[in-house]
Peer 1: 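Starting off with a structure, shown below.
Each ligand, and each atom within it, is numbered from 1 in the order the structure gives.
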Amino acid sequence: MKRKISILGSTGSIGTQALEVIEKLGDKLEIVALTGGHNTELLNKQIAEFKPKYAYADDKTAIKGAKYCSLDEICSNKENDIILVAVSGKIGLKPTITVINNGIDIALANKETLVMAGDIVMKLAKEKGVNIIPVDSEHCAIHQCIKDISQVEKLIITASGGPFLNKSLSDMKNATVEQALAHPRWNMGKKITIDSATLMNKGLEVIEAHHLFGMDYDKIDVVVHPQSIVHSAIEYVDGSVIAQLGLPSMHIPIQYAITYPERFEGIKSKSFSFSEIARLDFEKPDYEKFKALHIAYECGKLGGSFPVCMNASNEEAVFAFINGKIKLFDIINIVEKMLENHTYIKNPTIDEIFEIDKQTRIKTTELINRNFSFCNI
Ligand code: MG
């Protein structure tokens with residue numbers, strides 16, 4: 001029987017790669033709905049090719065070839081066996097909660113959902129018996145390694161180190177947008193690529209891993225691994241380490257998540273060869289250069305509303321950097337400033353989370369617009 005799937009954010013980086021996966025899987029999957037934001041030209045092309053019954057776009061009049069449905073209707077539609085949440089940013093949170101409330105399994109590519117509301121989302125998923133299969137390559141790797149979480153001593157998350165791994169601190173401080181966007185290993189959207197340059201992405205992933213696998217922060221390690229072949233690993237209580245390896249392609253974790261627990265050849269382009277790869281390097285992260293990682297650990301440990309503030313201020317600062325308003329290092333300085341002034345809430349509700357997110361963004365933008373430059377070069 002065909003597995004029925006909807007993709008939230010089909011016109012984005014993960015969404016388009018998911019459609020490439022689905023195309024290769026032939027008759028294994030059937031698309032119920034596709035959703036896009038502004039890019040209705042691409043969405044309509046996808047509708048013509050993949051023929052979903054339903055579609056959503058910001059401008060409903062622009063949709064051609066499928067019936068318009070609201071995001072809520074798509075996320076509540078029980079025709080779905082699984083929904084891939086591939087939108088980026090905070091807009092992923094509400095639809096994810098709707099999907100869980102309707103008992104539909106989730107392939108989760110949206111980090112912010114767990115960073116902002118991991119406690120609420122994981123508790124709800126447990127109550128509703130919903131499986132959340134991670135798409136993020138590191139978490140997908142860990143998901144593949146774990147048989148019994150109670151026997152796991154430690155999670156080991158790998159980080160490629162991004163474009164500034166072998167650059168000096170001052171090179172990083174003077175980085176242009178183009179340099180920061182030139183990720184050596186992964187082809188991703190702009191926001192996540194900048195987060196990978198500061199290693200904030202890895203920090204978000206540590207928080208994500210804490211929630212997904214219920215692991216304490218002091219049992220989650222990050223190791224820099226420039227080749228991006230070992231996607232992450234776990235250490236069992238007896239000292240055995242199980243790692244998941246593969247060529248760095250998002251197609252593989254996407255396919256794993258949407259077809260779990262089955263596996264298919266699908267989009268596999270070539271076979272893995274240890275001898276071709278020849279060597280794998282590992283090193284400790286430089287916490288002076290990649291302060292964001294340290295901040296994320298601290299925010300994760302403090303919990304409550306701190307990760308919400310960190311995520312929102314980081315996202316606004318990243319956009320300001322991409323738009324040439326601030327320097328790369330200002331991103332982290334701005335995040336720190338916002339965290340210093342944050343009024344902590346221990347167990348925020350979803351409404352409070354959105355309010356904190358909103359207020360943090362407003363204050364971050366104000367700070368940026370005051371032309372505050374923290375970065376003394
Ligand atoms: Mg990742």
Peer 1: Take R279 and D281, measure what salt bridge (Lys or Arg N to Asp or Glu O under 4.0 Å) needs, and give me the verdict at the end.
Peer 2: CA-CA 7 Å; R279 61 179 283 177; D281 297 304; 2.6 Å; yes
Peer 1: When you measure from the Mg ion (ligand 1) to each N, O or S atom of D136, which atom gives the shortest distance?
Peer 2: OD1
Peer 1: Charged N to carboxylate O under 4.0 angstrom, R361 versus D357?
Peer 2: yes
Peer 1: Name of the E205 N, O or S atom nearest the Mg ion (ligand 1)?
Peer 2: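 Going by distance to the Mg ion (ligand 1), the closest N, O or S atom in E205 is OE2.
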Peer 1: Centre of F354's six-membered ring, under 6.0 Å away, within 45 degrees of the axis: is that where NZ or CZ of K94 sits?
Peer 2: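 The answer is yes; both the distance and angle limits are met.
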Peer 1: Is there side-chain contact between I47 and K64, with at least one heavy-atom pair below 4.5 Å?
Peer 2: no
Peer 1: Starting from the Mg ion (ligand 1), look over the N/O/S atoms of E138 and name the nearest one.
Peer 2: OE1
